[in-house]
K.L.:
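Encoded as structure tokens, here's the structure I'll be asking about.
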Amino acid sequence: MSEAAPPNLERRAYLLLLLCAALWGFAFVAQRQGAEHTGAYTFTAVRSLIGAVSLLPLVWFLDRRAGLDADAARAAWRATLWPGLFIGVVLFGGSIFQQLGVEETTAGKAAFVTGLYMVLVPLFGRFLGHRTGLATWGGVGLAVPGLFLLTWTGSGIGVGDLLVLIGTLFWAVHILAVGRESRRVDPIRLSVAQFVVNGVLAALVALVAEPTPFTGLAEAARAL
């Protein structure tokens, strides 16, 4: 959020981020349930494509409210092509390693390990010239042990935890990339584009890597 943003917009941004964090937290439980019925690539493909389709009515509504004609709408889609492709590939890395890890660990531990992006984002951001204030580092210092106390089960670090940790590297890059590109292109279209790329990549790998791809979807429908 820019320092020049009006206070009401800044408050709204923080509330939306808080809502996003809550939704993301609930998603770990759904991911763990989905892993009991279908493969990681199938689950990721279907949930991503559902996400893309669910946003299309919102794109239509916002275009109509803004008075965009067909040419302007197509130009807005074209502008998201390359950013959406790159961010979608990064999203694929983060979501796949996370889902593969969730199959081998608990939802709570996966949430804790993924939450380590709080440390990685400001660290990676330094290489991009981002300035990180003392308040942010202080928040990191409080949040990391807090997450540890809330989610650690005491059973050590396993393969699943390591897979989720690899995914966390992708999530940190994803957050920085979205923060950069969402100022340049329509963020809703950008979301659609990255979900489509993630879904298509996951579907293609599912056909190769899973012995019975796209099975168990009926049982995993609630989680999806």
K.L.:
Please name the pair of heavy atoms, one in Thr42 and one in Phe214, separated by the smallest distance, quoted to 0.1 Å.
P.N.:
OG1-N, 3.0 Å
K.L.:
What do you reckon, is CZ of Phe86 surrounded by more than 12 foreign heavy atoms closer than 6.0 Å?
P.N.:
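No, the 6.0 Å shell around CZ holds no more than 12 heavy atoms from other groups.
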K.L.:
Keeping to residues at least two apart or across chains, list the salt bridge (charged side-chain N to carboxylate O under 4.0 Å, His left out) pairs with something in residues 40-68.
P.N.:
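Passing the test, one end in residues 40-68: Asp63-Arg189.
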K.L.:
In the single-linkage hydrophobic clustering (I, L, V, M, F, W, Y; side-chain heavy atoms under 4.5 Å), do Leu190 and Leu62 co-cluster?
P.N.:
yes
K.L.:
What are the two closest non-hydrogen atoms of Ala203 and Ala45, and how far apart are they?
P.N.:
N-CB, 3.5 Å
K.L.:
Count I, L, V, M, F, W, Y as connected when their side-chain heavy atoms are under 4.5 Å apart, and connections chain through other members. Are Trp24 and Leu55 then in the same cluster?
P.N.:
yes
K.L.:
Locate the shortest heavy-atom distance separating Ala223 from Ala30; write the atom from each residue and the value.
P.N.:
CB-O, 3.3 Å
K.L.:
Taking the side chain from Thr105 and the backbone from Val102, do they hold a donor-acceptor pair closer than 3.5 Å?
P.N.:
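Checking the backbone N and O of Val102 against the side chain of Thr105, no donor-acceptor pair under 3.5 Å is found.
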K.L.:
OG1/Thr168 to CZ/Phe170 distance, rounded to the nearest 0.5 angstrom?
P.N.:
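Between Thr168 OG1 and Phe170 CZ, I get 11.0 Å after rounding to 0.5 Å.
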K.L.:
When rounded to the nearest 0.5 angstrom, what is the spacing between OG1 in Thr114 and CH2 in Trp171?
P.N.:
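Thr114 OG1 to Trp171 CH2: 8.0 Å, rounded to 0.5 Å.
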K.L.:
With a 4.5 Å heavy-atom cut-off, do Val164 and Phe97 have their side chains touching?
P.N.:
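No. Closest side-chain heavy atoms not under 4.5 Å.
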K.L.:
Among residues at least two apart in sequence or on other chains, which ones pass salt bridge (Lys or Arg N to Asp or Glu O under 4.0 Å) with Asp71?
P.N.:
Arg74
K.L.:
Hey, does the side chain of Thr38 reach the backbone of Phe43 with a donor-acceptor pair shorter than 3.5 angstrom?
P.N.:
no
K.L.:
So Val205 and Phe92, do their side chains get closer than 4.5 Å, heavy atoms only?
P.N.:
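Heavy-atom side-chain distance check passes, below 4.5 Å.
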K.L.:
Is it the case that the side chain of Thr106 and the backbone of Lys109 share a donor-acceptor pair, with hydrogens and angles ignored and the cut-off at 3.5 Å?
P.N.:
yes
K.L.:
Taking the side chain from Gln194 and the backbone from Leu91, do they hold a donor-acceptor pair closer than 3.5 Å?
P.N.:
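Checked: no pair found.
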K.L.:
Which residues pass the side-chain hydrogen bond (donor to acceptor under 3.5 Å, both in side chains) test with Ser95, not counting sequence neighbours?
P.N.:
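Partners of Ser95 by the side-chain hydrogen bond (donor to acceptor under 3.5 Å, both in side chains) criterion, ordered by chain and then number, come out as Asn198.
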K.L.:
Should Val178 and Val197 be regarded as members of a common hydrophobic cluster, given that ILVMFWY residues are connected when their side-chain heavy atoms come within less than 4.5 Å of each other, either directly or indirectly?
P.N.:
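Val178 clusters together with Val197.
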K.L.:
Between Glu103 (side chain only) and Ala40 (backbone N and O only), is there a donor and an acceptor less than 3.5 Å apart?
P.N.:
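At least one qualifying donor-acceptor pair exists.
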K.L.:
Would the distance check show the side chain of Ser54 and the main-chain N or O of Gly51 forming a donor-acceptor pair, the cut-off being under 3.5 Å?
P.N.:
yes
K.L.:
Return the CG to CG distance between Leu23 and Leu18, rounded to the nearest 0.5 Å.
P.N.:
10.0 Å
K.L.:
Can a donor-acceptor pair be found, under 3.5 Å and without considering hydrogens, that links the side chain of Ser182 to the backbone of Pro187?
P.N.:
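No, Ser182 side chain to Pro187 backbone: no donor-acceptor pair under 3.5 Å.
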K.L.:
Pick one: which of Glu181, Arg184, Arg180 meets side chain to side chain contact (heavy atoms under 4.5 Å, CB included) with Pro83?
P.N.:
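With Pro83 as partner, Glu181, Arg184, Arg180 yield a single side chain to side chain contact (heavy atoms under 4.5 Å, CB included), made by Glu181.
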K.L.:
Any heavy-atom pair between the side chains of Gln98 and Gln31 that's under 4.5 Å?
P.N.:
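They are in side-chain contact.
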K.L.:
Which distance, rounded to the nearest 0.5 Å, do you find between the CG of Asn8 and the CZ of Arg12?
P.N.:
7.5 Å
K.L.:
Answer yes or no: is there a side-chain heavy-atom contact under 4.5 Å between Trp60 and Leu56?
P.N.:
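No, too far: nothing below the 4.5 Å cut-off.
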K.L.:
Does one hydrophobic cluster hold both Val159 and Ile166, with members joined at side-chain heavy-atom distances below 4.5 Å?
P.N.:
yes
K.L.:
Treating Ile, Leu, Val, Met, Phe, Trp and Tyr as nodes and any side-chain heavy-atom pair under 4.5 angstrom as an edge, say whether Val200 and Leu81 lie in one connected cluster.
P.N.:
yes
K.L.:
Which pair of non-hydrogen atoms, one from Ala193 and one from Gly84, has the smallest distance, and what is that distance?
P.N.:
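Scanning both residues, the minimum pair turns out to be CB-CA, 3.9 Å.
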K.L.:
Of the non-hydrogen atoms in Gly101 and Leu163, which two are nearest, and what is the gap between them?
P.N.:
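That closest heavy-atom pairing would be CA-CB, 3.8 Å.
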K.L.:
May I ask you to test the Trp77-Val192 pair for a side-chain heavy-atom distance under 4.5 Å?
P.N.:
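Trp77 vs Val192: side chains touch.
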K.L.:
Counting N and O atoms only, with roles assigned by atom type, does the side chain of Glu210 sit under 3.5 Å from a partner on the main chain of Tyr41, one being a donor and the other an acceptor?
P.N.:
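At least one qualifying donor-acceptor pair exists.
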K.L.:
Please tell me if the side chains of Leu85 and Trp82 come closer than 4.5 Å, counting only heavy atoms from C-beta onward.
P.N.:
yes
K.L.:
Taking all heavy atoms of Val113 and all of Asp161, pick out the closest pair and write down the distance.
P.N.:
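For Val113 and Asp161, the tightest heavy-atom pair comes out as CG1-O, 3.8 Å.
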